[in-house]
Amino acid sequence: MTLHDSHGLPLSTSNARSAQAYDRAVQLFARFQRDPLAVIGKALDEDPGFVAGHLLRAGLLLGSFDPLLVGMAGTCLAAAAAEPGTPNERERSLLGALDAWVGQGMAVGNRRLDRHVVDHPRDLFAIQLAHLGDLMLGRTAMLRDRIARVIGRWSDGDPGHPFLLAMQAFGLEENGAYAQAEALALRALERDADNSWAVHAVAHVHETSGRPHAGAQWLEHTRPRWCSDNILSVHHHWHLALFRLEHDGPQAALALYDEAIAPTPESLAMNLSDATALLWRLTLQGTDAGTRWDNLAQRWLQRAAWGRTAFTDLHAALCLAVAGRDADNEAFGAALQDVPGVDGGAVPWQLVVRPARQAFADYVAGDYRACADRLLALLPRADAVGGSHAQRELLTLTARRAAEHAGDAALADALHGQRQEARRIAASSLWRLPGAGATIATPASAAVAA
């Protein structure tokens, strides 16, 4: 007997408990709740031949974007491939995509997922994994277009539909459709108040449009939904800290760093990136971080596995430079020279990570002119490092501060004007649709609070 998941996908198992665990783990991942790995792991203990379960576990590990977990994902894929049972066509397709990710890099795996989700537009887990990969690869247009390709195959009554709306909302925000993004995210929250990616999309709209007070209110109001047992907790607190930094000042942001962002034993590379990005913004404003940089650098070195994810490598390079770990930073730089150029995989390191690493070193050494010049040259291609517009703004802010220190008022003013104009355009666009903007926060707030 062939069982199906809640979205109609066939699963190569006859164990009903395995199918139920699969659905539960996919839903937890869609909400960014903990712990889908534990759920699917328990199912695999009982049903070791559950191919879809092995693939799900591999994808969850890869979806952490932590380089130290790639090897574990490969082990899961090997277990799936070794099963004597015949996997179905979807499972074979997903196995090929994830295997390419492990063996040839995230960029190659993500392109294999492009085809997979076209052929299997109701594979919610694969869609979400590809969407997050688009974010980490800087494939900004695909954040929007990938969801547009598949959402027509879903209806409002489908249990996964609110998660697609949240992904579509974030993709629209990153592509400048701010009013539509906010409206879709709030609609997703009305359907599922625990939809953390929808909360995230609204936070980005507030950030991009320069509304720190409203953004802080939004995150404080929704905080009970994502503060604990949520994979995005650190990242949401990072957004909240940015709002506090702008509205309440550095000490408020630093207090939140110590409370909810500073590394813990379970912190992954993405958590360390958030911590690094916040400390650096505070440092640019003249805040003394004390021993926090040393503690953070030590955590980065414990997770050293350079050359897998350009986004995390960029933040590791920054942390090592500011912490004065010169020998470690040189070893890191040498490792980046060996990043394989498989299918263009080394491009982000060549274009962004390597020159940014030197620019950070220039800034720390007081060579502000060199720092500003290097960053000005790479800013037009910064998308290649991945992350959101808000995350990549770290590079622009660094260039602006370096220009100020170098006495280059023209460049500093130009970069400041660029940011202010982008925010003005974003804010004005929020009022182009009937009911859009701050006025539509009320019903969603009620839904979240319910």
Side-chain angles (χ1 to χ4, degrees), residues 62-71 73-74 100-113 132-140 142 268-270 272-274 276-277 280 296-297 299-323 325-364 370-389 391-396 398-399:
L62 292 172
S64 72
F65 301 99
D66 190 292
L68 288 187
L69 301 183
V70 174
W101 187 335
V102 170
Q104 301 176 66
M106 177 170 47
V108 182
N110 189 260
R111 285 195 289 275
R112 292 285 294 271
L113 285 171
L132 295 174
D134 293 333
L135 173 62
M136 295 308 299
L137 290 164
R139 301 180 72 187
T140 304
M142 281 302 295
L268 299 175
M270 292 301 298
L272 301 183
S273 295
D274 283 335
T276 300
W280 182 238
L296 187 53
R299 289 305 312 280
W300 270 119
L301 292 171
Q302 291 170 3
R303 304 208 67 78
W306 319 124
R308 276 285 182 177
T309 306
F311 180 83
T312 53
D313 281 357
L314 179 83
H315 288 83
L318 171 58
C319 182
L320 294 177
V322 181
R325 300 294 186 97
D326 296 338
D328 294 320
N329 208 353
E330 287 302 315
F332 173 34
L336 290 184
Q337 298 296 325
D338 297 327
V339 174
V342 177
D343 199 9
V347 169
W349 286 267
Q350 295 166 349
L351 294 182
V352 182
V353 178
R354 291 171 188 168
R357 173 180 167 272
Q358 186 57 57
F360 297 145
D362 291 336
Y363 191 102
V364 171
C371 175
D373 288 345
R374 289 184 197 278
L375 292 178
L376 184 62
L378 71 80
L379 286 177
R381 55 180 184 264
D383 282 11
V385 80
S388 66
H389 294 303
Q391 289 170 314
R392 292 191 298 268
E393 192 176 41
L394 176 147
L395 296 169
T396 305
T398 304

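Both backbone and side-chain heavy atoms feed into the values below; hydrogens, waters and symmetry mates do not.
Between T140 and H389 the shortest side-chain heavy-atom distance falls below 4.5 Å. At least one side-chain heavy atom of L301 sits less than 4.5 Å from a side-chain heavy atom of L320. In this structure, L296 and V322 have side chains that are not in contact, with every pair of non-hydrogen atoms separated by 4.5 Å or more. Here the side chains of Q358 and P355 are not in contact, with every heavy-atom distance at 4.5 Å or above. Within the 4.5 Å cutoff, side-chain heavy atoms of M106 are placed close to those of T309. Residues M270 and T312 have side chains in contact (heavy-atom distance under 4.5 Å, counting atoms from C-beta outward). Residues F311 and L135 have side chains not in contact (no heavy-atom distance under 4.5 Å, counting atoms from C-beta outward).
Under the rule for a side-chain contact (heavy atoms from CB on, under 4.5 Å), the partners of A356 that lie at least two apart in sequence or sit in another chain are L314, F360, L378, L395. The side-chain hydrogen bond (donor to acceptor under 3.5 Å, both in side chains) search around T398 returns W280, not counting sequence neighbours. Residues passing the side-chain hydrogen bond (donor to acceptor under 3.5 Å, both in side chains) test with T276 are W300, sequence neighbours excluded. The salt bridge (Lys or Arg N to Asp or Glu O under 4.0 Å) search around D328 returns R325, not counting sequence neighbours. The salt bridge (Lys or Arg N to Asp or Glu O under 4.0 Å) test applied to R139 returns D114, D134, not counting sequence neighbours.
Pairing each heavy atom of L69 with each of S64, the nearest pair is CD1-OG, 3.2 Å. Across all their heavy atoms, D362 and A370 have their closest contact at OD2-CB, 3.6 Å. Here the closest heavy-atom approach between residue A73 and residue V102 is recorded as CB-CG2, 4.2 Å. In terms of heavy-atom proximity, A399 sits nearest to L375 at N-CD1, 3.5 Å. The shortest non-hydrogen separation linking A310 to P348 is CB-CB, 3.6 Å. Nearest approach of V352 to A384, heavy atoms of both residues: CG2-CB, 4.1 Å.
Residue pairs meeting the salt bridge (charged side-chain N to carboxylate O under 4.0 Å, His left out) criterion with at least one partner in residues 375-388, sequence neighbours excluded, are D383-R392.
To the nearest 0.5 Å, atom CG of residue L68 and atom CG of residue L268 are 9.0 Å apart. Here the CE-CZ distance, from M142 to R111, works out to 11.5 Å after rounding to the nearest 0.5 Å.
In terms of modelled atom types and a separation under 3.5 Å, the side chain of R357 and the main chain of N329 share a donor-acceptor contact. No side-chain donor-acceptor contact under 3.5 Å links E330 to the backbone of A327.
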